[in-house]
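All values below were derived from every heavy atom in this structure, side-chain atoms included, with hydrogens, water molecules and symmetry-related copies excluded. Chain naming here is simple, since letters A, B, ... match the order of the sequence lines and numbering starts at 1 in each.
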Number of protein chains: 2
Amino acid sequence: MNKELYLKERIEELKEACHIKGMRVTPQRIAIFNEVAKSCQHPDVETIYEAVKDKMPNVSMDTVYRTLASLEELDMIFRVDNQLPKARFDADKTPHHHFICTQCNEVYDIFLEPDEEIILPKNANKYGKIKDINVQIRGICNKCLEKNRKQ
Amino acid sequence: MNKELYLKERIEELKEACHIKGMRVTPQRIAIFNEVAKSCQHPDVETIYEAVKDKMPNVSMDTVYRTLASLEELDMIFRVDNQLPKARFDADKTPHHHFICTQCNEVYDIFLEPDEEIILPKNANKYGKIKDINVQIRGICNKCLEKNRKQ
DNA sequence: TCCTAAGTAATAATGATTACTATTTAAATT
DNA sequence: AATTTAAATAGTAATCATTATTACTTAGGA
C-alpha cells in the first residue's frame, strides 16, 4: 500500500480512538504516533524523542513517555519488549507460554497439554540461529477482572 | 517429581554447565540459581537478592545482576520479559512474530505466510481475558553470526 | 469568545541496572 | 597440602531509563 496514504489513515484512526475515549487530539500525540507508525525499526524512546524534536523543538521527554503510554492504552501501538517494569526470571526450560496481566503485572505460566507444541513460523530461520521462543499472552487476569467488576 | 530431587539435579546441571564453559562454581552462583529454580513466581532481582541475603548476608546487588547474566548465558535461566535494555515500540497491528538477537539486540519482524496464523494454547483463556499475543523468537542474527565467524 | 480540565514543558527525583576497585577465592598446579 | 593466579565478589559509586512535580498552555465544548 502507498505509505503516505497508510499513515494518513492510521492518523485518522488515532483521532477516532481519541474521540471515543474522550482524549484530546494534540499535535504531540499525532507527531509521536507518526514517528512510530512510519518506522519499521521498532524505535526506542530516545529515537522517537529526537525525531519529534526536529519538528517540535521543545517537546519534553516526559511527554514522549506519557504519550507512548496513552497510545498503548488506545491500542494504537504496543511494546516489543519491556512489558514489565523490571526484569523477572524463570528457570523452567520446559516449553510453556506466559500470561502477563497488563493491569497488575502478574505473570502466570500456561503449560501446554501433552499433545500441544509451540509452532515456529515458516520464516523463523530467515533472520538467524534460533535459541528459544518466548510467547507472551497479554491481557487482564481473572483477579483484576473481578476487582474491576466490584468497582 | 520430588521437588528437592529436582533442585539437586538442576544444581548438578549448573555445575556441569560451568565446567563446560570454564566458569567457576561459586556458592553465590548456586544460591542465586537455587532461588530462581525453586520459585514458581518468576522472581525479580530484588526478591532474589533478599532471599539470598538471608543465607549469605553480604552478597551484593552487583553479584546478583552479574550472576543472573551468567546463568542466562549458561542457558540455565531466562528472563520472562525485559530482554532489551530499553523499551521499543511497534505500530504494526498485523499478526507477526519478532526475532530478537541476543547479541546485538536488533529486532526483526517475522511476517506470517498467508496460510499461517499464531496458535493460542488450549489453556490460554484460563488466566484471564486475552488482549494480544507477542511471540519473541530469540537467537543470534545472521549479521552477528557472520561477525563471530570472522573473529 | 470564554472556560476548564486535559495536556505539556521544564526540571527534579526515583528506581533499576552497571561500572569500578580492592579483596577474596575456586580450582589448577606443584 | 601448600602455592599460584585468574576469575569472581563486596562495597560503593555512577549511569541510564523512567516517573513525578509543578506551573503553564491549549483543545475543544459551552
Side-chain angles (χ1 to χ4, degrees), chain A residues 11 14-33 35 42-50 52-74 76-77 79-89 102 105, chain B residues 11-12 14-33 35-36 42-50 52-74 76-77 79-89 102 105:
Chain A
I11 285 166
L14 167 61
K15 289 179 183 174
E16 187 63 23
C18 282
H19 291 143
I20 290 169
K21 284 241 187 182
M23 287 166 66
R24 291 187 184 166
V25 178
T26 66
Q28 288 87 346
R29 279 181 184 163
I30 293 176
I32 289 165
F33 175 71
E35 278 310 316
H42 317 91
D44 61 19
V45 177
E46 187 68 26
T47 306
I48 297 163
Y49 172 66
E50 291 301 335
V52 171
K53 225 166 77 170
D54 282 348
K55 294 161 193 165
M56 219 176 248
N58 45 7
V59 73
S60 73
M61 206 58 164
D62 176 71
T63 295
V64 177
Y65 274 102
R66 249 183 316 96
T67 302
L68 289 168
S70 305
L71 294 173
E72 257 191 296
E73 214 175 315
L74 292 171
M76 293 300 297
I77 65 169
R79 21 192 107 205
V80 172
D81 193 50
N82 296 66
Q83 285 300 292
L84 302 170
K86 50 178 97 167
R88 294 178 63 170
F89 296 85
T102 57
N105 288 330
Chain B
I11 285 166
E12 284 313 307
L14 166 61
K15 288 179 181 171
E16 186 63 23
C18 282
H19 291 144
I20 290 169
K21 284 240 186 182
M23 287 165 65
R24 291 187 185 166
V25 178
T26 66
Q28 288 87 344
R29 280 182 183 160
I30 292 176
I32 289 165
F33 174 72
E35 279 310 317
V36 182
H42 317 92
D44 61 20
V45 178
E46 187 67 27
T47 306
I48 297 163
Y49 172 66
E50 291 302 334
V52 171
K53 227 167 73 169
D54 283 349
K55 293 161 195 165
M56 220 176 247
N58 44 7
V59 71
S60 73
M61 207 56 165
D62 178 69
T63 296
V64 177
Y65 274 100
R66 249 184 314 96
T67 303
L68 289 169
S70 305
L71 293 174
E72 256 191 297
E73 215 175 314
L74 292 172
M76 294 300 297
I77 64 168
R79 21 191 107 206
V80 172
D81 193 51
N82 296 64
Q83 285 301 291
L84 303 170
K86 50 177 97 168
R88 294 178 66 168
F89 295 86
T102 57
N105 288 329

Exercise for review: Measure from CE on A/Met56 to C1' on D/dT26 and round the result to the nearest Å.
Suggested key: 13 Å
Check your understanding: Is B/Arg29 touching bases, backbone alone, or none of the nucleic acid, heavy atoms closer than 4.0 Å?
Key -> sugar-phosphate
Exercise for review: Assign each of B/Glu46 and B/Val25 to its nearest nucleotide of DNA chain C by heavy atoms, then name whichever residue's nucleotide is nearer the 5' end.
Suggested key: B/Glu46
Check your understanding: Reckon A/Gln28 touches a base, only the sugar-phosphate, or nothing at all at heavy-atom distances under 4.0 Å?
Key -> sugar-phosphate
Exercise for review: May I ask you to verify if any side-chain N or O of B/Thr63 is less than 4.0 angstrom from the OP1 or OP2 atom of D/dA10?
Suggested key: yes
Review point. In whole Å, what is the span from the CG atom of B/Asn58 to the P atom of D/dA8?
Key: 19 Å
Check your understanding: Got B/Phe89 and A/Val45 here, is their nearest side-chain heavy-atom distance under 4.5 Å?
Key -> yes
Check your understanding: Is the shortest heavy-atom distance from the side chain of A/Thr47 to the side chain of A/Glu50 under 4.5 Å?
Key -> no
Review point. Can you check the B/Asn82 CG to C/dT18 C1' distance for me, whole Å?
Key: 15 Å
Exercise for review: Compare the minimum distances between each of C/dT25, C/dT17, D/dT18 and the side chain of B/Tyr65, then state the nucleotide with the smallest one.
Suggested key: C/dT17
Review point. Taking for each residue the nucleotide of DNA chain D with the nearest heavy atom, is it B/Gly22 or B/Asp62 whose nucleotide lies nearer the 5' end?
Key: B/Gly22
Exercise for review: Taking the side chain as every heavy atom from C-beta outward, state whether A/Leu68 and A/Ile48 have any pair of such atoms under 4.5 Å apart.
Suggested key: yes
Exercise for review: Assign B/Pro27 to base, sugar-phosphate, or nothing according to its heavy-atom contacts below 4.0 angstrom with the strands shown.
Suggested key: sugar-phosphate
**Study point:** Between C/dA5 (P) and A/Met23 (CE): distance, integer Å
**Key:** 18 Å
Check your understanding: Is a donor-acceptor contact shorter than 3.5 angstrom present between the side chain of B/Arg66 and the base of D/dA8?
Key -> no
Review point. Closer than 4.0 Å, any side-chain N/O of A/Thr26 to the OP1 or OP2 of C/dA6?
Key: no
Point to revise | Length of the line joining A/Lys86:NZ and D/dC16:C1', which is rounded to integer Å | key: 17 Å
Check your understanding: When you look at CD of A/Glu73, are more than 12 heavy atoms from neighbouring residues, nucleotides or ligands closer to it than 6.0 Å?
Key -> no
Review point. Is there a donor and acceptor pair, one atom on the side chain of B/Arg24 and one on the base of D/dA8, closer than 3.5 Å?
Key: no
Revision key, fill the gap. From CD1 of B/Ile30 across to C1' of D/dA8 the rounded distance in Å is 14 Å
Practice item. To the nearest Å, give me how far apart CE (B/Met61) and P (C/dA16) are. Key: 8 Å
Practice item. Could you state the atom-to-atom distance from OH of A/Tyr49 to P of D/dC16 in whole Å? Key: 16 Å
**Study point:** Closest non-hydrogen atom pair, A/Leu14 against A/Arg29
**Key:** CD2-O, 4.0 Å
